[in-house]
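First up is the structure itself, then whatever we jot down about it.
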Amino acid sequence: MAHRMASAHNKAVTAIYPGSFDPVTNGHLDLIGRGAMIFDRLVVAVSHNPEKGPLFAVSERIEMLEAVTREWTNVEVGVFEGLLVDFARAEGASVILRGIRAVSDYEFELQMAMMNRKIEPQIETVFMLPGEAYSYVSSRLVKELARLGGPIKGFVPALVEERLRTKVS
Ligand code: PNS
């Protein structure tokens with residue numbers, strides 16, 4: 001038993017951090033940094049879901065994510081279509097990482113985590129809290145601010161700020 005536990009412990013853990021990332025915010029980056037510290041490999045997975053009517057094309061979202069995650073050697077950026085657990089399995093991941101900002105996030109996250117556990121019991125969802133400075137930052141609100149000409153500095157990386165301004169102008 002002691003031996004089995006030791007070998008399970010030595011296994012490199014891959015975590016998937018899925019989302020729309022339309023676009024990546026400083027809140028996402030904060031969570032990526034925290035995840036990169038505790039998991040051996042972190043795959044940021046951009047969901048390809050045209051029905052959601054994203055502002056940025058998948059290729060643009062990936063490009064921005066790759067640029068802003070370059071400093072972490074154990075972070076990769078991928079894209080997935082279809083079921084998240086299928087992608088996680090294909091990547092050899094045992095963890096799905098999600099951030100919870102406030103209680104309001106919890107209900108939906110609980111449903112997703114339970115559903116994912118039902119369809120793939122081998123994969124655990126792990127929730128982490130972003131830094132409190134980002135507890136109210138969301139891609140949706142940042143896009144709205146940008147559209148209405150509000151200040152977005154500090155909510156998104158400089159590169160994303162530029163791309164957002166161009167996109168909505
Ligand atoms: O950034 P978001 O929009 O909160 O991310 C939601 C996402 C992409 C993680 C979620 O919609 C998802 O996992 N979609 C993939 C489809 C899937 O696996 N659905 C079953 C989960 S219950």
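Small disclaimer: the values here were computed from a predicted structure and weren't measured. Note that ligands are numbered from 1 as they come in the structure, with each ligand's atoms numbered from 1 the same way.
Within a 6.0 Å radius of CZ in Arg140, other residues, nucleotides and ligands contribute 12 heavy atoms or fewer.
Counting only distance, with no hydrogens or angles, the side chain of Asp30 and the backbone of Gly131 share a donor-acceptor pair below 3.5 Å.
Looking at atom 8 (C) of ligand 1, its nearest protein heavy atom turns out to be Ser47 CB, 3.4 Å. When hydrogens are left out, the protein atom nearest atom 9 (C) of ligand 1 is Arg98 NH1, 3.5 Å; that is the closest non-hydrogen contact. Protein heavy atom nearest atom 10 (C) of ligand 1, with residue, atom name and distance: Met112 SD, 3.8 Å.
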Go through the steps to decide whether Phe21 and Met64 satisfy the test side-chain contact (heavy atoms from CB on, under 4.5 Å), and finish with yes or no.
CA-CA 9 Å; Phe21 302 104; Met64 288 186 276; over 6 Å; no

Any chance you could lay out the side-chain contact (heavy atoms from CB on, under 4.5 Å) test for Phe87 and Val43, step after step, and finish with the verdict?
CA-CA 10 Å; Phe87 177 78; Val43 181; 4.1 Å; yes

Is there a side-chain contact (heavy atoms from CB on, under 4.5 Å) between Tyr134 and Thr25 once you walk through the steps?
CA-CA 9 Å; Tyr134 307 111; Thr25 67; over 6 Å; no

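Using a non-hydrogen distance threshold of 4.0 Å, Lys52 registers as a contact of ligand 1. The closest approach between a heavy atom of Gly82 and any atom of ligand 1 is below 4.0 Å. The shortest heavy-atom distance from Phe80 to ligand 1 is under 4.0 Å.
Residue nearest to atom 20 (C) of ligand 1, selected from Asp105, Leu83, Leu84: Leu83 (by heavy-atom distance).
Residues Val24 and Phe56 are not in side-chain contact: their nearest non-hydrogen atoms beyond the backbone lie 4.5 Å or more apart.
Residue Asn116 approaches ligand 1 through these ligand atoms, each under 4.0 Å from one of its heavy atoms: 21 (C). Within the listing of ligand 1, atoms 22 (S) sit less than 4.0 angstrom from a heavy atom of Met115.
Heavy atoms of Asn49 found under 4.0 angstrom from ligand 1: none, in either backbone or side chain. Heavy atoms from both the backbone and the side chain of Ser20 come within less than 4.0 Å of ligand 1.
Taking the salt bridge (Lys or Arg N to Asp or Glu O under 4.0 Å) definition, one finds that Glu161 meets it with nothing, sequence neighbours left out. A search for ring pair (Phe, Tyr, Trp, His ring centres under 6.0 Å) contacts involving Phe39 returns nothing, not counting sequence neighbours.
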